[in-house]
S.K.: 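Sending over a structure as structure tokens; questions will come in a sec.
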Amino acid sequence: ATVQLELAESLFEMSLFDKAAEEFQHYLEAFSNAEGQARALLGKGWSLWGLGRYAESASAFDKAYTLLTEPRDKMQALVKAADALFANKQYTLANEKYRQAVSEFPGGALALQARFQAAECLARLGEADRAEKEFRDIVLVDLKNPLAEQAGLRVAVLKEEQDKWEQALDVYNQVIRLFRRGALRPQ
């Protein structure tokens with residue numbers, strides 16, 4: 001079992017994603033250890049991601065989530081499942097997964113990123129008002145977090161996309177004032 005996982009992980013590290021996904025699958029079919037299954041599912045998810053097979057990647061990450069026991073690991077698997085759905089342009093499903101991650105792990109390291117991505121899903125679904133509210137809420141969470149500045153800029157872009165130029169200008173000015181040393185300020 002250990003050798004099988006190490007082989008699959010080595011293939012992944014060499015960017016041989018198709019072969020790695022195949023070897024992770026062989027592990028999943030041959031061994032039943034829950035910890036090894038979770039590790040193989042994560043590896044398979046990353047390999048399928050590398051191949052651009054996002055729907056399958058989401059499924060692997062979601063299955064890994066159910067087997068993992070550590071909250072940090074569970075959250076990461078859930079967010080990666082959502083990321084894969086997002087990459088596959090399945091914004092409604094991705095939004096649900098991101099919201100699940102925030103709900104289950106509100107203080108987790110990826111919670112703010114998941115909230116940002118959930119708001120981005122709303123924007124992609126054409127729900128600009130809801131997306132704007134979510135982005136504005138993210139700005140208020142922690143002004144020192146780089147995602148706050150990014151969320152502020154995203155509100156301005158939403159205004160531009162709606163041809164609300166004066167409002168966009170106001171938001172840009174707010175971002176400039178709020179984030180005087182922000183990395184995105186030149187934008």
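Residue numbers start at 1 and run along the sequence shown. The figures that follow rest on heavy atoms only: side chains count, while hydrogens, waters and symmetry mates do not.
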S.K.: Distance only, no hydrogens: is a donor on one side chain within 3.5 Å (strictly under) of an acceptor on the other, for Asp83 and Tyr54?
M.R.: no

S.K.: Looking only at atom types and distance, does a side-chain atom of Gln4 sit under 3.5 Å from a main-chain N or O of His26, one as donor and one as acceptor?
M.R.: no

S.K.: Any idea which heavy atoms bring Ala119 and Ala131 closest together, and the distance?
M.R.: O-CB, 3.5 Å

S.K.: Which atom names give the shortest non-hydrogen contact between Val79 and Ala101, and what distance separates them?
M.R.: CG2-CB, 3.8 Å

S.K.: Check for a donor-acceptor pair, side chain of Glu149 on one end and backbone N or O of Val175 on the other, with a separation under 3.5 Å.
M.R.: no

S.K.: Rounded to the nearest 0.5 Å, what separates atom CG in Asp18 from atom CG in Leu48?
M.R.: 10.5 Å

S.K.: Looking only at atom types and distance, does a side-chain atom of Ser103 sit under 3.5 Å from a main-chain N or O of Arg99, one as donor and one as acceptor?
M.R.: no

S.K.: Do the side chains of Phe135 and Gln150 get nearer than 4.5 Å, heavy atoms only?
M.R.: no

S.K.: If hydrophobic clusters are built by linking Ile, Leu, Val, Met, Phe, Trp and Tyr wherever their side-chain heavy atoms come under 4.5 Å apart, do Leu169 and Val171 end up in the same one?
M.R.: no

S.K.: Taking atom types as modelled, is there a side-chain donor on Gln25 or Glu29 under 3.5 Å from an acceptor on the other?
M.R.: yes

S.K.: Between the main-chain N or O of Glu6 and the side-chain N or O of Ser10, is there a donor-acceptor pair closer than 3.5 Å?
M.R.: yes

S.K.: Could you grab the distance from atom CZ of Phe24 to atom CZ of Arg39, nearest 0.5 Å is fine?
M.R.: 8.0 Å

S.K.: Between Glu23 and Lys19, does any side-chain N to carboxylate O distance fall below 4.0 Å?
M.R.: no

S.K.: If the condition is side chain to side chain donor-acceptor pair (under 3.5 Å), which residues does Gln90 pass it with, not counting sequence neighbours?
M.R.: Asn88

S.K.: Give the cluster check for Met14 versus Leu7: same hydrophobic cluster or not, with ILVMFWY residues linked at side-chain heavy-atom distances below 4.5 Å.
M.R.: yes

S.K.: If you look at every heavy atom in Ser47 and Ala20, which pair is closest and at what distance?
M.R.: OG-CB, 3.4 Å

S.K.: If you take all heavy atoms of Leu42 and Ala77, which pair is closest and at what distance?
M.R.: CD2-CB, 4.1 Å

S.K.: Are any of the side-chain nitrogens in Asp137 or Lys133 under 4.0 Å away from the carboxylate oxygens of its partner?
M.R.: yes

S.K.: Near Lys74 NZ, under 6.0 Å, is it more than 12 heavy atoms from other residues, nucleotides or ligands?
M.R.: yes

S.K.: Return the CH2 to CZ distance between Trp49 and Phe17, rounded to the nearest 0.5 Å.
M.R.: 12.0 Å

S.K.: Within the 4.5 Å heavy-atom criterion, are Tyr27 and Asn33 side-chain neighbours or not?
M.R.: yes

S.K.: How many angstroms lie between CE in Met75 and CG in Leu68, if you round to the nearest 0.5 Å?
M.R.: 13.5 Å

S.K.: At what distance, to the nearest 0.5 angstrom, does CG of Asn95 lie from CD of Glu127?
M.R.: 8.0 Å

S.K.: With a 4.5 Å limit on heavy-atom distance, are the side chains of Tyr98 and Glu120 in contact?
M.R.: no

S.K.: Tell me whether Leu110 is reachable from Phe116 by hopping between hydrophobic residues (I, L, V, M, F, W, Y) whose side-chain heavy atoms are closer than 4.5 Å.
M.R.: no

S.K.: Given the rule in the side chain to side chain contact (heavy atoms under 4.5 Å, CB included) test, do Leu78 and Asp62 qualify, once you have shown the distances and angles that lead to the verdict?
M.R.: CA-CA 6 Å; Leu78 194 55; Asp62 205 32; 4.2 Å; yes

S.K.: For the residue pair Ala94 and Ala82, what are the closest heavy atoms and their distance?
M.R.: CB-O, 3.5 Å

S.K.: Leu51 and Leu16: same hydrophobic cluster, using ILVMFWY side-chain contacts below 4.5 Å?
M.R.: no

S.K.: Any side-chain heavy-atom pair from Leu112 and Val102 closer than 4.5 angstrom?
M.R.: no

S.K.: Please report, to 0.1 Å, the donor-acceptor pairs under 3.5 Å made by any side chain of residues 157-166, with sequence neighbours excluded.
M.R.:
{"residue": "Lys159", "atom": "NZ", "partner": "Glu132", "partner atom": "OE1", "Å": "2.9"}
{"residue": "Lys159", "atom": "NZ", "partner": "Glu132", "partner atom": "OE2", "Å": "3.4"}
{"residue": "Lys159", "atom": "NZ", "partner": "Gln167", "partner atom": "OE1", "Å": "2.9"}
{"residue": "Glu160", "atom": "OE2", "partner": "Tyr172", "partner atom": "OH", "Å": "2.4"}

S.K.: If we only count heavy atoms from C-beta on, is the Lys97 to Phe61 side-chain gap below 4.5 Å?
M.R.: no

S.K.: Taking all heavy atoms of Gly45 and all of Ser57, pick out the closest pair and write down the distance.
M.R.: O-OG, 2.8 Å

S.K.: With rounding to the nearest 0.5 Å, note down the distance linking OH in Tyr91 to CG in Leu125.
M.R.: 8.0 Å

S.K.: Hey, quick one: are Ile176 and Leu153 part of the same hydrophobic cluster, counting side-chain heavy atoms closer than 4.5 Å, chains of contacts allowed?
M.R.: no

S.K.: Without swapping roles, check the side chain of Gln37 against the backbone of Leu28 for a donor-acceptor pair under 3.5 Å.
M.R.: yes

